[in-house]
There are 2 protein chains.
Amino acid sequence: MLGPGGSAAMVERGRRRARVVPEEPKRTRAADVAAIAGVSESAVSRTFRDGSVSAHVRQRVLAAARELGYRPNAMAQALLTRRSNVIAILMTTNTNSHFPEVLSALSHAADAHRMRVMLFTVDDPLQVSDVVDQILSYQVDGVLSLTEVPAADARILESQGVELVLYNRARADYAANLVSCDHRAAGRVLGEHLLALGHRDFAMVEGPQRSSLALDRAQGVYDALAEAGIERRAVPVAIGDFGYESGRAGASALLSGKAKVTALVCVSDVMAIGAIDEASSRGLHVPDDLSVAGFDGVPAGTWDRYRLTTMRQPLPQLADAAIETIVRKLANPTRARETRLLVCDLQIGASTKARAG
Amino acid sequence: MLGPGGSAAMVERGRRRARVVPEEPKRTRAADVAAIAGVSESAVSRTFRDGSVSAHVRQRVLAAARELGYRPNAMAQALLTRRSNVIAILMTTNTNSHFPEVLSALSHAADAHRMRVMLFTVDDPLQVSDVVDQILSYQVDGVLSLTEVPAADARILESQGVELVLYNRARADYAANLVSCDHRAAGRVLGEHLLALGHRDFAMVEGPQRSSLALDRAQGVYDALAEAGIERRAVPVAIGDFGYESGRAGASALLSGKAKVTALVCVSDVMAIGAIDEASSRGLHVPDDLSVAGFDGVPAGTWDRYRLTTMRQPLPQLADAAIETIVRKLANPTRARETRLLVCDLQIGASTKARAG
DNA sequence: TTGAAAGCGTTACCAT
DNA sequence: ATGGTAACGCTTTCAA
C-alpha cells in the first residue's frame with residue numbers, strides 16, 4: 001500500500017533564501033504527507049477536514065500521516081480560517097471564591113466541542129483592558145469572563161466580533177451574554193426555607209457591594225423576608241469578602257450586637273463555615289442556638305463538622321452552558337444575545353433547624 | 001502628525017479571487033497601519049518587536065495603530081517564528097487534590113514571562129496520548145503536566161522539540177524536567193516533628209500507590225521513623241485517595257484496630273481533616289488523645305476547627321519555578337534537563353501535641 | 001473527485 | 001534605519 005521502502009522521506013523544503021529558524025526537529029507538514037501518499041496537499045487537507053475524498057486516497061493519506069506523525073498546524077488553520085477554536089477565560093487572581101474548581105469543569109466542557117481554553121489572569125477587574133489586547137491578539141473565538149468586564153472593554157471585544165459571555169452574574173450594565181445561576185431566586189428559596197423553620201430573627205453576612213452575585217443572593221433573601229412581613233431594615237448586616245475570616249468577623253459582630261439572631265445567612269459557604277466556627281467559639285451551638293446557611297455548595301460544606309445547609313450551584317451544567325453559549329453563537333452568528341439562568345438546589349444539612357421555642 | 005483627514009482608511013485588500021471567509025468585522029493588519037503611518041510593513045513589525053526604528057517612525061506607527069485598534073496577530077507570528085508563547089497545562093479532571101488552585105498561580109507566573117497558558121484535560125492519565133495530538137497541533141512551546149505522562153507520550157513530545165515539565169513529582173521512569181516539592185524531605189521533617197513530641201505509636205493514611213507524591217511523602221515519614229528505630233512494619237496503614245471521605249474511612253479503620261495510635265499522619269490535608277472529624281465522632285480529642293498531621297497547606301487546614309499541623313507547599317514559588325524552567329529552556333535550548341526541588345515548610349497547628357504521659 | 005495556486009498576517013533576510 | 005519580499009503551513013476556489 002505504501003510507497004517503496006515505506007520509510008519517511010521528507011519533501012525537500014523550497015527554501016530559496018536561508019530561512020529564519022534554527023535547528024529544531026522539522027515538523028512534518030501536509031506537503032510531506034502528500035508526497036509520501038502520492039497525492040496533493042489538497043487531498044491531505046480534505047482528509048483531515050470535512051472533505052470529499054475517495055476512500056482510497058483517504059487511506060493512503062492516513063497511512064502516510066501516521067507514519068510521519070503528522071498533525072495539522074492549528075496556528076496555520078487559525079490564520080486562514082479565522083477560527084482558532086480557542087476560548088479565553090478571563091479571571092482575577094484573587095481566588096477567594098471557589099471558582100478555581102470551575103476551571104476544570106470549563107476545560108472539560110470545552111473539550112466536548114473540540115475547543116481549547118486559554119487562561120488570562122488579571123489582578124483587578126480594572127486592569128482588564130491590559131489583557132484585552134492579548135486576548136484579541138490570540139484571535140480567540142470567544143471570551144468567558146469570571147470577573148467583571150468594564151463596558152469599554154466589552155465594547156472593544158464586540159467591535160472585533162469576539163463573543164463575550166459573563167459567568168455567574170445575572171445582569172450587567174450593558175448588553176452581554178449571561179450564563180449564571182439565578183442567585184436571586186436561590187436567595188429566595190433559602191429565605192423561605194428558614195422562614196418555614198419558624199425563624200423570624202435574621203442576620204446576614206453580605207458580600208462586596210461590587211459583586212452582583214452577592215447582591216443578588218442577599219436580595220433574594222430579602223425578597224422572601226419581605227413576603228413574610230420582615231423588613232430589610234430590621235435585619236442586622238455585616239459585610240464580608242467571601243472568605244473564612246470575614247465570615248467569622250461578620251458573625252462576631254452580629255452575634256455580639258443587641259439584636260436577637262436565630263438565623264444567620266451568609267452569601268457564601270466559606271463565610272458560613274467561618275460563622276459556624278465563630279458561633280462555636282462563643283459557646284453557641286449550631287443549629288440548636290443558631291441556624292446558619294450559605295451559598296455555593298463547596299465540598300467543605302459537606303464535611304461532618306459543618307454539614308452546611310446551602311444553595312448548591314450546578315457547576316458542570318453552568319460550565320456546559322457557558323461554553324455552549326459561545327459555541328452556538330459561533331455556529332450561528334446571527335443568534336441573539338442570550339441570558340441563561342440555572343437554578344441552584346437547596347441542600348439541607350445539619351446547620352439549620354426549626355427555631356427553638 | 002497624522003496623515004490628512006486622520007481618519008481610518010483601510011488598505012484595500014488584494015483579493016484577486018473571491019475569498020473564503022464571510023463578513024465579520026475586518027481585523028486590521030500591519031499593512032493597514034503601515035498605510036496610515038506612511039511607512040512599510042517592516043517598520044510596523046519592528047515597532048512592535050525588538051526592532052531598531054527611529055523615534056519618528058515609531059511614533060507614527062504607534063499613533064496609527066492606536067487609531068485603528070491594531071494588535072499583531074499572534075497566530076501569524078507563531079506560524080512564522082515557530083514560537084507560540086503558549087504553555088500547555090495537562091491535567092486530569094479528577095480534582096481531588098488541591099491543584100485547581102495551582103492553575104491561577106501558573107497563569108499568573110506565565111504572565112510574568114508574557115506567556116499564555118492553555119488547558120488540556122484528560123479523564124485518566126492513560127488517555128494522555130489523545131491530547132498529545134491536540135497539544136502538538138497547537139504548536140505550544142512547552143507542556144507542564146500536573147498528571148502522570150506515560151513514557152511513550154513523553155517521547156513523542158520530545159521528538160517534536162516540545163519541552164515537558166512534570167509538576168510535583170520528584171522522579172519519573174524516564175528523563176524529564178521535574179519541578180516539585182521535595183515530598184520525601186517534607187515527610188521526614190513531619191516525622192521528626194512528631195517524634196520530637198514524643199510519639200512512638202504511629203499510623204498512616206497513605207495515598208494511591210500510583211502517586212509518586214503520596215509515596216514520597218510516606219517514605220519520608222518512614223525514613224524519620226527508621227532513624228528513631230521504629231520499623232515500617234510496625235506502623236498500621238490505610239490507603240486513601242486524597243479525599244475527605246477516604247481520610248475518615250482510613251482513620252476509622254486505624255483507630256478501631258488493635259494497635260495503639262497516638263500520632264496519625266495523612267499524606268494530604270484533606271484526608272487529615274477527615275481523620276480529625278472521624279476521631280472527634282469517636283469521642284477522641286485532637287490533639288489530646290491523638291495528634292493528626294497532613295501535607296499541602298490547604299486553606300481549610302487553617303480553619304479554627306482544624307488548625308492542622310501540615311507541611312505547606314510553596315505554591316507560588318512552585319508555579320514560578322515550573323514556568324521558569326520552560327522559559328529558560330526555550331531561551332537556551334542546549335540547557336540540560338533539570339530537577340528543581342522546593343522545600344515545604346512545617347506549619348505547626350493545634351492538631352499535634354506532645355504525647356500524653 | 002482531484003490538483004494547482006492564491007492568500008491568511010506576520011517576520012526577517014537582503015539590499016538600499 | 002528603512003523597504004521589498006519570500007516564506008511559515010494550511011484551506012479553498014477554480015478548473016479539469
Side-chain angles (χ1 to χ4, degrees), chain A residues 10-11 13-22 24 26-35 37-61 65 68 70-85 136-139, chain B residues 10-11 13-22 24 26-35 37-61 65 68 70-85 136-139:
Chain A
M10 295 289 167
V11 148
R13 303 205 173 194
R15 301 189 174 179
R16 309 219 190 140
R17 299 185 178 192
R19 268 320 289 149
V20 173
V21 179
E24 258 197 65
K26 295 184 187 60
R27 308 197 169 178
T28 61
R29 308 154 302 165
D32 300 320
V33 175
V39 297
S40 70
E41 270 189 73
S42 312
V44 176
S45 171
R46 290 185 188 113
T47 301
F48 280 91
R49 311 202 112 231
D50 54 343
S52 45
V53 241
S54 64
H56 176 243
V57 169
R58 149 170 263 108
Q59 217 165 29
R60 289 185 65 82
V61 169
L68 297 180
Y70 169 76
R71 294 138 193 117
N73 182 322
M75 297 295 176
Q77 291 178 321
L79 185 56
L80 192 55
T81 63
R82 304 208 179 177
R83 291 277 263 98
S84 59
N85 295 316
L136 290 173
S137 180
Y138 272 96
Q139 314 294 109
Chain B
M10 294 290 167
V11 149
R13 304 210 171 194
R15 301 188 171 178
R16 309 220 190 139
R17 299 188 179 191
R19 268 320 290 151
V20 173
V21 179
E24 256 198 68
K26 293 185 188 58
R27 309 197 169 177
T28 62
R29 309 155 300 168
D32 300 320
V33 176
V39 298
S40 70
E41 272 189 70
S42 308
V44 176
S45 172
R46 287 195 271 257
T47 301
F48 281 91
R49 311 201 112 230
D50 54 342
S52 47
V53 243
S54 64
H56 176 245
V57 167
R58 152 171 260 108
Q59 217 166 27
R60 290 186 63 83
V61 168
L68 297 180
Y70 169 77
R71 292 135 193 119
N73 183 321
M75 299 295 176
Q77 290 178 322
L79 184 56
L80 190 55
T81 64
R82 301 208 182 179
R83 291 276 264 99
S84 59
N85 295 316
L136 290 173
S137 179
Y138 272 96
Q139 313 295 110

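In what follows, every chain begins at residue 1, and chains take the letters A, B, ... in the order their sequences are listed.
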Practice problem: Check every atom of D/dG3, D/dT2, C/dA4 against the side chain of A/Ser40 and return the nucleotide holding the closest atom. | Solution: C/dA4

Practice problem: Could you work out which one of D/dC10, D/dG4, D/dT2 sits closest to the side chain of A/Ala76? | Solution: D/dC10

Quiz item: What nucleic acid atoms does B/Tyr70 come within less than 4.0 Å of, heavy atoms only: base, sugar-phosphate, or nothing?
Solution: sugar-phosphate

Quiz item: Is the shortest heavy-atom distance from the side chain of B/Val39 to the side chain of B/Val61 under 4.5 Å?
Solution: yes

Quiz prompt | Closest non-hydrogen atom pair, A/Arg49 against A/Thr81 | solution = NH2-CG2, 4.2 Å

Quiz item: Which is true for A/Val44 with a 4.0 Å heavy-atom rule: it touches a base, it touches only sugar-phosphate, or it touches nothing?
Solution: nothing

Practice problem: Taking all heavy atoms of B/Ala65 and all of B/Phe48, pick out the closest pair and write down the distance. | Solution: CB-CZ, 3.7 Å

Quiz item: Do the side chain of B/Ser137 and the main chain of A/Pro72 share a donor and acceptor less than 3.5 angstrom apart?
Solution: yes

Quiz prompt | Distance below 4.0 Å between A/Arg49 side-chain N/O and D/dC10 OP1 or OP2 | solution = no

Self-check item: Length of the line joining B/Phe48:CZ and C/dT11:P, which is rounded to integer Å
Solution: 10 Å

Quiz item: Could you give the CD-to-P distance, from A/Glu41 to D/dC10, as a whole number of Å?
Solution: 8 Å

Quiz item: Out of C/dC8, C/dT11, D/dA1, which has the shortest distance to the side chain of A/Leu80?
Solution: C/dC8

Practice problem: May I ask you to evaluate whether A/Arg82 reaches the phosphate of C/dG9, defined as a side-chain N or O under 4.0 Å from OP1 or OP2? | Solution: yes

Quiz prompt | Whole-Å distance separating the CG atom of A/Asn73 from the P atom of D/dT11 | solution = 9 Å

Self-check item: Nearest-angstrom distance from the residue atom CD of B/Gln139 to P of C/dT10
Solution: 18 Å

Quiz item: With a non-hydrogen cut-off below 4.0 angstrom, is A/Ser42 in contact with a base, only sugar-phosphate, or nothing?
Solution: base

Quiz item: Counting N and O atoms only, with roles assigned by atom type, does the side chain of B/Ser45 sit under 3.5 Å from a partner on the main chain of B/Glu41, one being a donor and the other an acceptor?
Solution: no

Quiz item: Rounded to whole angstrom units, what separation is found between the CG atom of B/Asp32 and the C1' atom of C/dC8?
Solution: 13 Å

Practice problem: Send over the distance from B/Tyr138 OH to D/dC8 P, rounded to a whole Å. | Solution: 22 Å

Practice problem: In whole angstrom, give the distance that lies between atom CD of A/Gln77 and atom C1' of D/dT11. | Solution: 9 Å

Practice problem: Tell me what A/Arg58 touches on the nucleic acid: a base, only sugar-phosphate, or nothing, going by heavy atoms under 4.0 Å. | Solution: nothing

Self-check item: Donor-acceptor pair (no angle test) under 3.5 Å: B/Ser45 side chain, C/dA12 base
Solution: no

Quiz prompt | Among C/dT2, D/dG3, D/dC10, the one nearest B/Arg46 by side-chain distance | solution = D/dG3

Quiz item: Quick one: B/Arg29 CZ to C/dT11 P, roughly how many Å, whole number?
Solution: 14 Å

